[in-house]
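Structure, as structure tokens:
All chains are named by letter (A, B, ...) in the order of the sequence lines, taking the proteins before the strands, and each is independently numbered beginning at 1.
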Number of protein chains: 2
Amino acid sequence: MDLDKALTTLNNPVRRKILHWLKHRSNFPAALPEHAGLDGVCVAYIQEKAGLSQSTISNYMGLLKEAGLVLSERHGQFTFYRRNEDAIRALLQAFEKELIEL
Amino acid sequence: MDLDKALTTLNNPVRRKILHWLKHRSNFPAALPEHAGLDGVCVAYIQEKAGLSQSTISNYMGLLKEAGLVLSERHGQFTFYRRNEDAIRALLQAFEKELIEL
DNA sequence: TCCATATATCGAGATATCCCGATATCTTGG
DNA sequence: CCAAGATATCGGGATATCTCGATATATGGA
């Protein structure tokens, strides 16, 4: 848990929003039939929702992944990203510990 | 509670350390006799502990204050800074809410 | 009043972040 | 194998952050 890297990654409203949107699959268009039952959301859907360029969103997802905040799984040409709930909780705890606990 | 501004302010290990140090007055040299009973720590002590220039620390304390994370009180030539516990808790809650709660 | 001390502000060079378009890579269908 | 589509990476211009030294401001003491 690299708090510094995680905070840098989350010090951006769009990346925070993405993490927030990923909380519920219903924030995105329905998955293709062949992807039914798969967890996560593909880059194109996230891009459309965020309204930024493809390269920017791919980069953002890479940053979120490097910080450990999302997990990714490739299925064919698609990469599906989903939240890493454990890491998100760990980040919040580390942050709270540094700020509040002695 | 401007989450964005607070996160930007705390996206810096020295500023986080300062907030951490301010948790306990004993992290700094003893107060001068004439300042006994006063809450907070003067800029010079914080500067010495952080090992950065006077202007940098003054600037940092200004950022922390602007973000609402510390309170300041002037006494003579000295400015005493102390944590704003309510704001720190509010920040953590807002951050947690954006990341975890629906 | 004049000075020394504590803090704040200014201006700037170095570095990092933001976000894009262009291009490269990977994968499936034909 | 090849073309098309999804994603990843590259290169770069604009903007923001980092941190400094120099300077300005404020205050208490001689």
Once side-chain contact (heavy atoms from CB on, under 4.5 Å) is applied, do any residues pair with [X], and if so which ones, sequence neighbours excluded?
X	value
S58(B)	Q54(B)
A31(A)	R25(A), H35(A)
A50(A)	V14(A), W21(A), I57(A)

Which residue, N11(A), T9(A), L10(A), forms the side chain to side chain contact (heavy atoms under 4.5 Å, CB included) with N11(B)?
N11(A)

Please list all pairs meeting salt bridge (charged side-chain N to carboxylate O under 4.0 Å, His left out) that have one or both residues in residues 93-102 of chain A, counting only residues at least two apart or in different chains.
E98(A)-R16(B)

Tell me, which pairs form a salt bridge (charged side-chain N to carboxylate O under 4.0 Å, His left out) where one or both residues lie in residues 36-45 of chain A, sequence neighbours left out?
D39(A)-R82(A)

In chain order, what residues pass the side-chain hydrogen bond (donor to acceptor under 3.5 Å, both in side chains) check against T56(A), with sequence neighbours excluded?
S53(A)

Under the ring-ring contact (aromatic ring centres under 6.0 Å, His included) test, residues paired with F95(A) that sit two or more places apart
F95(B)

In this structure, how many angstroms lie between the P atom of dA4(C) and the CZ atom of F78(B), rounded?
17 Å

For the pair made of CD in E73(B) and P in dA8(C), what is the distance, rounded to whole Å?
13 Å

For F80(B), which contact category applies under a 4.0 Å heavy-atom criterion: base, sugar-phosphate, or nothing?
nothing

Looking at DNA chain D, which of residues 43-72 of chain A put a heavy atom within less than 4.0 Å of it?
V43(A), A44(A), Q54(A), S55(A), S58(A)

Members of residues 1-28 of chain B that approach DNA chain C, where some heavy atom sits under 4.0 Å away
none

Quick tally for nucleotides 24-30 of chain C: nucleotides whose base has a protein heavy atom under 4.0 Å get B, sugar-phosphate-only ones S, the rest -, giving --SBS--

If you look only at distance, which donor and acceptor atoms sit under 3.5 Å apart when one is on a side chain in residues 64-72 of chain A and the other is two or more places apart or in another chain?
from	atom 1	to	atom 2	distance (Å)
K65(A)	NZ	S72(A)	OG	3.0
E66(A)	OE2	K5(A)	NZ	3.2

Report all side-chain donor-acceptor pairs from residues 85-93 of chain B shorter than 3.5 Å, counting only partners two or more places apart or in another chain.
from	atom 1	to	atom 2	distance (Å)
E85(B)	OE1	R83(B)	NH2	2.9
E85(B)	OE2	R83(B)	NE	2.8
D86(B)	OD1	R89(B)	NH2	2.9

